[in-house]
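These notes concern the structure reproduced below.
We count ligands from 1, going down the list as the structure has it; atoms in each ligand are counted the same way.
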Amino acid sequence: MKNVARVRGIEIAYEDAGRGRPVVLLHGFPFNRSLWREQVESLSATHRVITPDLRGHGETTVVAELATMEEMAEDLAALLDELNVGRTVVGGLSMGGYVTLAFLRAHPERVGALVLADTRPQADTDEARRTREETARRALADGMEPITDAMLPKLLAPATREQRPDMVARVREMILGTNPHGAAAALRGMAVRRDQTDLLPGIGVPTLIIVGSEDAITPPSDSATMQAKIKGSHLLKIEGAGHVSNVERPGEFNRALAEFLGGLPF
Ligand code: MLT
């Protein structure tokens with residue numbers, strides 16, 4: 001069900017399903033909250049699952065030219081204030097993971113546990129920044145169609161692309177549904193994101209890291225680096241999944257999440 005919060009001068013669309021310990025899940029780029037459909041279905045029996053559309057995505061307001069990870073993290077803090085949620089589990093996939101780390105840096109007291117899926121702590125290289133700017137301009141000039149065609153082969157594992165036309169269609173639809181201005185703002189925001197590696201050794205909350213073995217955007221080596229730096233963290237590599245591991249392998253992803261959440265001390 002769609003809810004709307006008016007905070008920080010924008011309208012944030014979100015879903016708030018189930019009751020119990022709150023779990024926030026942040027989608028990647030250029031997706032929307034429907035990315036978490038299977039996780040909401042499975043977890044909301046035992047948890048309160050909050051899935052916002054990040055600024056510029058889904059049904060949330062598209063703003064300005066630059067949507068930084070910090071802005072998105074502050075949007076989340078304001079949304080949680082509105083929902084009277086104090087400490088919560090925060091998880092994100094890819095760009096959602098970048099926002100999760102920005103949120104942790106700004107509001108460590110609000111994070112009870114972390115889920116970092118198909119993401120990485122480091123900033124962009126100069127080359128990646130240039131590519132982002134080109135992609136942003138392309139989205140603004142030609143819309144999301146060329147972005148979709150360029151991204152799909154990298155987002156999904158080869159086996160998913162060959163055998164699961166339903167998943168390909170779902171991911172394609174999410175990308176095509178993203179506003180080009182929102183996409184460009186997020187691309188520029190990701191390009192200027194800070195390196196969060198220094199945050200990792202200080203993380204003292206339970207952390208689950210998940211990555212698809214075929215993730216071509218944030219490969220398993222990034223997740224291994226995070227696991228090595230975050231004390232006591234647990235890493236699950238989902239064999240055969242690509243970058244969108246929660247969509248490609250919802251069963252394994254959900255089992256790992258449920259087990260992790262079931263073992264939390266708070
Ligand atoms: C995402 O899935 O959120 C993006 O591909 C992340 C990125 O481009 O760095």
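For residues 86-134, every residue pair satisfying the ring-ring contact (aromatic ring centres under 6.0 Å, His included) rule, not counting sequence neighbours, is listed here: F103-H107.
Between the side chains of D118 and S245, at least one donor N or O lies within less than 3.5 Å of an accepting N or O.
Contact annotation: the side chain of I203 approaches that of T207 to within less than 4.5 Å [non-hydrogen atoms, C-beta and beyond].
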Once you restrict both partners to nitrogen or oxygen, which atoms of ligand 1 have a protein partner under 3.5 Å, and how far apart are they?
residue, atom, partner, partner atom, Å
ligand 1, 2 (O), F29, O, 3.3
ligand 1, 2 (O), S94, OG, 2.9
ligand 1, 2 (O), H243, NE2, 2.8
ligand 1, 3 (O), F29, N, 2.7
ligand 1, 3 (O), S94, OG, 2.9
ligand 1, 3 (O), M95, N, 2.8
ligand 1, 8 (O), R132, NH1, 2.8
ligand 1, 9 (O), Y98, OH, 2.5
ligand 1, 9 (O), R120, NH2, 3.0
ligand 1, 9 (O), R132, NH2, 2.8

Show me the donor-acceptor pairs, under 3.5 Å and distance only, between side chains in residues 140-156 and residues at least two apart or in other chains.
residue, atom, partner, partner atom, Å
T148, OG1, M144, O, 2.6
D149, OD1, R172, NH2, 3.4

Less than 3.5 Å apart, which donor and acceptor atoms pair up between the side chains of residues 254-266 and the rest of the protein, not counting sequence neighbours?
residue, atom, partner, partner atom, Å
N254, OD1, Q39, NE2, 2.8
N254, ND2, E38, O, 3.3
N254, ND2, P250, O, 3.3

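Aromatic ring orientation, H57 versus F29: perpendicular (interplanar angle above 60°, classes split at 30° and 60°).
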